[in-house]
Amino acid sequence: MDNLTEKKENVLLKIGSFCILIGGIVAGLIGIFNGAAVMLAMTVMDDETMRTLDEYAMQESDGLFGSGAVTGIANAVAIAVIVFAAILMIINIIVGAVGLSRCKKNPQKYTFFLGWGIALLVIGLFSLGQLFSLRGVFSAASGIVGPLLFIIGGIQENKAANAEQSGSL
């Protein structure tokens with residue numbers, strides 16, 4: 001290809017892909033680590049702590065739940081957090097890697113960027129409550145900044161494709 005017909009790479013799509021990829025990996029690893037830390041904390045409680053937890057749980061639940069139920073619920077929540085963080089991390093890795101590939105080779109397939117940008121943005125809006133934490137910053141990068149750049153870059157690619165198509169008619 002000569003320089004006149006060579007298409008310029010969309011920088012927004014590239015930056016968005018990196019935000020989704022790196023932010024998703026770091027936020028996912030932090031989420032997995034936090035879930036594992038909760039599970040570890042539940043297993044290493046000494047007898048005195050378990051006795052105190054048992055008394056508190058029985059008092060607050062009017063005798064319905066003891067420390068075993070509390071640790072079981074905490075472990076179940078921690079497992080759910082780990083699974084959810086791992087699934088989102090895998091999605092972010094795939095979307096970020098495919099986005100990097102497509103922004104170089106096939107940016108005219110703008111529907112990929114628009115679709116995943118909107119989907120990840122919707123999911124990312126749920127992480128706004130944790131914005132002022134390390135995980136929140138990386139969640140915002142992978143769930144808000146990256147998807148917004150995908151949407152903007154996808155719109156730019158759509159306009160470029162429409163202009164190219166109408167110019168060739």
Side-chain angles (χ1 to χ4, degrees), residues 1-43 73-169:
M1 280 187 176
D2 63 1
N3 288 339
L4 295 174
T5 60
E6 190 173 311
K7 185 158 176 34
K8 187 177 179 183
E9 184 178 282
N10 191 316
V11 177
L12 293 179
L13 296 177
K14 190 173 193 175
I15 294 171
S17 295
F18 276 119
C19 285
I20 291 170
L21 184 64
I22 294 168
I25 290 170
V26 174
L29 290 176
I30 291 172
I32 292 168
F33 175 79
N34 288 345
V38 167
M39 291 177 69
L40 179 63
M42 292 292 118
T43 61
I73 292 169
N75 282 330
V77 170
I79 290 169
V81 166
I82 290 170
V83 168
F84 188 69
I87 289 170
L88 281 178
M89 183 172 67
I90 291 167
I91 289 171
N92 284 324
I93 289 170
I94 292 169
V95 171
V98 171
L100 279 173
S101 170
R102 287 201 177 170
C103 76
K104 293 177 184 176
K105 296 178 186 168
N106 234 351
Q108 67 273 20
K109 293 193 174 185
Y110 58 87
T111 55
F112 168 84
F113 298 104
L114 288 174
W116 278 107
I118 292 168
L120 292 176
L121 181 61
V122 168
I123 294 170
L125 291 175
F126 290 110
S127 68
L128 282 178
Q130 63 180 356
L131 190 58
F132 299 107
S133 68
L134 181 62
R135 181 174 185 220
V137 169
F138 286 101
S139 290
S142 66
I144 297 172
V145 176
L148 281 175
L149 293 175
F150 262 29
I151 293 168
I152 294 168
I155 290 170
Q156 288 176 344
E157 291 299 319
N158 183 18
K159 286 181 182 177
N162 288 338
E164 187 176 295
Q165 190 177 34
S166 64
S168 66
L169 295 177

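Computed over heavy atoms, backbone and side chain alike; hydrogens, waters and symmetry mates excluded.
Between Ile82 atom CD1 and Asn34 atom CG the span is 9.5 Å, to the nearest 0.5 Å. Note that CD1 of Ile22 is 11.5 Å distant from CD1 of Ile93, once rounded to the nearest 0.5 Å. Distance CG/Leu12 to CG/Leu148: 11.0 Å, rounded to 0.5 Å. Of the inter-residue distances, the one linking Leu149 atom CG with Ser17 atom OG reads 9.0 Å to the nearest 0.5 angstrom. The structure places CD1 of Ile30 at 7.5 Å from OG of Ser139, a figure rounded to the nearest 0.5 Å.
Between Val95 and Phe112, the shortest heavy-atom contact is O-CZ, 3.8 Å. The shortest heavy-atom contact between Ser142 and Gly23 is CB-C, 3.6 Å. Across all non-hydrogen atoms, the minimal contact from Arg135 to Ala85 is NH2-CB, 4.2 Å. Scanning both residues, Leu13 and Cys103, for their nearest heavy atoms gives CB-CB, 3.7 Å. Taking each heavy atom of Met39 and Ala78 in turn, the nearest pair found is CG-CB, 3.5 Å. Minimum heavy-atom separation, Ile25 to Met89: O-SD, 3.6 Å.
Side-chain contact between Ile91 and Leu120 is present, with heavy atoms from C-beta onward closer than 4.5 Å. Inter-residue side-chain proximity for Leu29 and Phe33 is flagged as unmet; no heavy-atom pair is nearer than 4.5 Å. A 4.5 Å side-chain heavy-atom check between Leu21 and Asn92 finds every atom pair outside the cut-off. Side-chain contact check for Val98 versus Trp116: every heavy-atom pair is 4.5 Å or farther apart. In this structure, the side chains of Asn10 and Phe113 stay at 4.5 Å or more apart for every pair of heavy atoms.
Remark: of the listed residues Leu114, Ile152, Leu121, Leu121 is the sole one forming a side-chain contact (heavy atoms from CB on, under 4.5 Å) with Pro147.
No donor-acceptor pair closer than 3.5 Å links the side chain of Ser101 to the backbone N or O of Ala97.
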